[in-house]
Amino acid sequence: MLARYLKATASTHIDDFLEFFHRLKSSNHDTILRLLTFSLNGNEDKFTNEIIELFNHFKHLGLLTYRDDLEYELRSLVEKSFPHNECRTAKYHTEYHTKL
């Protein structure tokens, strides 16, 4: 129930979700990391930076070497966020070069 509510909040109340995310993104608890990962899934277009932050935190904790479903969920999330990240990067470069 909480996971679905957080996912809906991430979709509709971005600022509220960002406050929650930034407060808990450095957690060492699997449950919190699972909630964040689940909430970001399906909202990749809105949270590409946060997905990368979470990936870096997993890396820092050494969680990317495990072979469990949490690692898989995060890797899938990162993969889904790449097209959105590439669009933002392309838009940035287009705007930057237009200003020159």
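Computation of the quantities below employed the complete heavy-atom set of this structure, encompassing side-chain atoms and omitting hydrogens, waters and symmetry-equivalent molecules.
- Looking only at distances, a side-chain donor or acceptor of Glu44 sits under 3.5 Å from a matching main-chain atom of Gly42.
- Here the rule is side chain to side chain contact (heavy atoms under 4.5 Å, CB included) with Val78, and of Ile51, Thr48, Leu40 only Ile51 fits it.
- The same ILVMFWY cluster, assembled from side-chain heavy atoms under 4.5 Å apart, contains both Phe17 and Phe55.
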Worked check of side-chain contact (heavy atoms from CB on, under 4.5 Å) between Phe21 and Glu53: CA-CA 10 Å; Phe21 176 86; Glu53 286 180 43; 3.9 Å; yes

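- Sorted by first then second residue, the side chain to side chain donor-acceptor pair (under 3.5 Å) pairs that include residues 2-14, not counting sequence neighbours, number zero.
- Smallest separation of non-hydrogen atoms from Leu61 and Ser27: CD1-O, 3.8 Å.
- Between Lys59 atom NZ and Leu74 atom CG the span is 12.5 Å, to the nearest 0.5 Å.
- Distance check: Ser81 OG to Asn49 CG gives 9.5 Å after rounding to the nearest 0.5 Å.
- None of Leu18, Asn41, Leu77 except one satisfies the side chain to side chain contact (heavy atoms under 4.5 Å, CB included) rule with Phe47; the exception is Leu18.
- Residues Lys25 and Leu36 approach most closely at CA-CD1, 3.8 Å, considering heavy atoms.
- Hydrophobic clustering places Leu35 together with Leu63 (ILVMFWY residues linked when any side-chain heavy atoms are closer than 4.5 Å, directly or through intermediates).
- Below 30°, between 30° and 60°, or above 60°: for His57 and His60 the angle between ring planes is below 30°, a parallel geometry.
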Audit row: Leu54, Leu33, side-chain contact (heavy atoms from CB on, under 4.5 Å) steps and yes/no: CA-CA 8 Å; Leu54 194 58; Leu33 297 174; 4.1 Å; yes

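- Annotation: the span from Leu24 atom CG to Thr31 atom OG1 amounts to 12.0 Å, rounded to 0.5 Å.
- Considering all non-hydrogen atoms of both residues, Ala10 and Ser39 come closest at CB-O, 3.8 Å.
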